[in-house]
Amino acid sequence: MDLPPVGLGTMGIDDSATVEAAIDVGYRHLDTAQIYDNEAVVGDGVADSDVDREDLTVATKLWVDSLAGADVRAGTEASLDRLGLDAVDLLYVHRPRGDYDPETTLSALDDLRADGLARNVGLSNFEPDQLERAREVLDAPVAAHQVEFHPYYGDRELLADAQEHGYPLVAYSPLIGGEALDDPVLTDIADAHDTSAAAVSIAWVRSHDDVVTVPKASSVDHLRANLDARSLTLSGAEIDRIDDIEREQELFPE
Ligand SMILES: NC(=O)c1ccc[n+]([C@@H]2O[C@H](COP(=O)([O-])OP(=O)(O)OC[C@H]3O[C@@H](n4cnc5c(N)ncnc54)[C@H](OP(=O)(O)O)[C@@H]3O)[C@@H](O)[C@H]2O)c1
């Protein structure tokens with residue numbers, strides 16, 4: 001899937017004006033989920049914006065209690081109803097647990113794709129062996145894998161899988177949930193570029209091949225700054241410094 005380098009993470013956004021503002025300043029990929037309880041907010045933002053629906057990539061995720069094969073269609077239809085859309089561009093399995101069963105869950109997702117309710121199938125928070133199994137079962141290609149990936153955490157094996165199999169890794173929590181702003185290495189590099197540690201964190205995430213990201217932001221200033229981070233290029237030495245930060249702080253463990 002051809003995803004924009006920086007999309008909007010919407011977890012915690014409860015005002016459609018923020019979504020509309022994000023689209024207005026240039027975001028074209030919107031990432032929501034059933035569990036964020038804001039699909040209607042995202043749908044309203046899409047409806048209120050001046051940008052054509054077909055120019056936007058709208059992604060949502062089926063929560064673990066909607067993953068039984070018999071529940072996937074009803075759960076997806078409920079999401080579409082809240083979003084006010086006929087189809088989502090990307091429908092993820094949020095986590096491979098709860099009612100997840102590779103055969104029945106993924107077959108149901110293939111059926112939704114065949115029927116046009118979901119244009120692409122994505123996975124999130126999968127382990128390498130679970131990715132392998134999903135590839136065996138799915139008719140659809142894995143369109144994206146969304147995982148936690150930032151200067152304090154990231155699984156290189158999952159990155160290698162994305163690069164080997166040719167799908168984008170969608171890095172979530174690229175600002176370490178806001179902690180990037182207080183990190184001394186990121187702040188130091190930011191000072192040298194006259195930018196923010198948030199931009200440096202996004203640029204580091206984006207320095208990896210086949211990685212796109214979905215920072216969450218609420219204010220127009222933050223929305224713009226994160227989008228502008230697309231044009232920030234870090235030197236090899238700066239990337240090495242960030243690589244050397246201890247990478248053991250997972251914000252969303254299983
Ligand atoms: N698949 C999954 O299991 C999963 C799990 C977690 C997250 N996600 C996705 O990833 C998205 C992003 O992750 P996240 O929400 O955990 O955290 P994040 O994007 O790493 O950080 C968001 C925090 O950074 C602040 N911020 C944003 N831009 C800033 C800037 N330019 N300068 C200073 N502060 C800034 C935000 O504040 P303001 O809001 O005040 O701007 C917010 O407090 C989520 O919204 C969701 O879409 C997916």
Side-chain angles (χ1 to χ4, degrees), residues 3-15 17-19 21-22 25-27 29-39 41-42 45 57-64 67 79 83 88 90-98 100 122-127 130-131 143-155 158 168-183 186-187 190 193-206 211-232 249-254:
L3 291 168
V6 176
L8 179 69
T10 68
M11 187 171 68
I13 293 179
D14 59 6
D15 180 359
T18 304
V19 177
V25 301
Y27 286 81
H29 171 203
L30 309 170
D31 182 76
T32 182
Q34 293 180 330
I35 196 72
Y36 303 166
D37 203 17
N38 68 353
E39 290 174 310
V41 166
V42 172
T57 297
V58 179
T60 194
K61 311 182 195 81
L62 296 173
W63 189 237
V64 299
L67 294 175
S79 283
L83 285 159
V88 279
L90 181 54
L91 182 62
Y92 289 100
V93 173
H94 202 144
R95 286 187 177 271
R97 59 175 169 82
Y100 178 72
L123 307 173
S124 182
N125 300 301
F126 276 51
E127 300 289 342
Q130 295 169 320
L131 285 172
H145 186 205
Q146 185 173 133
V147 296
E148 184 168 341
F149 194 90
H150 51 67
Y152 289 1
Y153 188 78
D155 185 328
L158 297 178
L169 193 84
V170 181
Y172 73 68
S173 304
L175 309 177
I176 326 176
E179 285 186 52
L181 284 307
D182 300 321
D183 182 87
L186 299 177
T187 312
H193 287 271
D194 196 21
T195 187
S196 68
V200 172
S201 201
I202 290 170
W204 176 84
V205 166
R206 287 271 309 132
V211 177
V212 302
T213 190
V214 286
K216 177 257 182 181
S218 308
S219 67
V220 172
D221 282 353
H222 286 175
L223 288 167
R224 277 191 207 283
N226 297 346
L227 210 51
D228 289 349
R230 289 173 302 187
S231 57
L232 175 62
Q249 193 179 323
E250 189 179 14
L251 300 181
F252 295 93
E254 195 50 44

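Indexing begins at 1, ligand by ligand and atom by atom, following the structure's order. Reckoned from all heavy atoms, side chains included, excluding hydrogens, waters and symmetry mates.
Counting only heavy atoms of the protein, atom 25 (C) of ligand 1 lies nearest to K216 O, 4.2 Å. What sits closest to atom 45 (O) of ligand 1 on the protein, heavy atoms only, is M11 N, 2.9 Å. The single protein non-hydrogen atom nearest to atom 2 (C) of ligand 1 is Y172 CE2, 3.1 Å, given as residue, atom name and distance. In terms of protein heavy-atom proximity, atom 11 (C) of ligand 1 is nearest to V214 O, 3.2 Å. Residue, atom and distance of the protein heavy atom nearest to atom 16 (O) of ligand 1 are S173 OG, 2.8 Å. In terms of protein heavy-atom proximity, atom 1 (N) of ligand 1 is closest to S124 OG, 2.9 Å. Looking from atom 17 (O) of ligand 1 to the surrounding protein, the closest heavy atom is G177 CA, 3.6 Å. The protein heavy atom nearest to atom 33 (C) of ligand 1 is H222 NE2, 3.4 Å.
Residue contact annotation: S196 has no non-hydrogen atom under 4.0 Å from ligand 1. Heavy atoms of Y36 approach ligand 1 to within less than 4.0 angstrom. Distances from ligand 1 to the non-hydrogen atoms of H150 include no value under 4.0 Å.
Between L227 and Y27 the shortest heavy-atom distance is N-OH, 3.7 Å. Summarising the geometry of T57 relative to L3, their closest heavy-atom pair is CG2-CD2, 3.7 Å, with the distance given to 0.1 Å.
Using a 4.0 Å cut-off between heavy atoms, N125 contacts ligand 1 through its side chain alone, with no backbone atom that close. With a 4.0 Å cut-off on non-hydrogen atoms, N226 touches ligand 1 through its side chain and not its backbone. At a 4.0 Å heavy-atom cut-off, ligand 1 touches P174 through backbone and side chain alike. Residue-level proximity to ligand 1 for S218 is carried by backbone and side chain together, each with a heavy atom below 4.0 angstrom.
Note on ring orientation: taking the six-membered ring where Trp is involved, the planes of Y153 and H150 are tilted (angle from 30° to 60°). Aromatic ring pairs are classed by plane angle as parallel below 30°, tilted from 30° to 60° and perpendicular above 60°; the pair W63 and H94 is perpendicular.
At a 3.5 angstrom cut-off on N or O pairs, H94 counts as close to ligand 1. Not one N or O of P215 is nearer than 3.5 Å to an N or O of ligand 1, by distance alone.
Other residues, nucleotides and ligands contribute at most 12 non-hydrogen atoms within 6.0 Å of the CG atom of D37.
Donor-acceptor pairing under 3.5 Å is lacking for the side chains of Q34 and T60. In this structure, a donor-acceptor pair under 3.5 Å is absent between the side chains of S173 and E148. Side chains of Y152 and D183: a donor-acceptor N/O pair is present below 3.5 angstrom, by distance only. Between the side chains of T32 and N38, at least one donor-acceptor pair of N or O atoms lies under 3.5 Å. Donor-acceptor pairing under 3.5 Å is recorded for the side chains of Y36 and K61. In this model, no donor atom of one side chain and acceptor atom of the other lie less than 3.5 Å apart for Y92 and N125.
With rounding to the nearest 0.5 angstrom, the CG atom of L158 is 9.5 Å from the CD atom of Q130.
Below 4.0 Å from some heavy atom of G9 lie the following atoms of ligand 1, by number and element: 11 (C), 44 (C), 45 (O), 47 (O). Every atom of ligand 1 with a heavy atom of A217 under 4.0 Å away is listed here by number and element: 27 (C), 28 (N), 39 (O), 41 (O). Interface of A198 with ligand 1, defined as ligand atoms under 4.0 Å from a residue heavy atom, comprises 30 (C), 31 (N), 32 (N).
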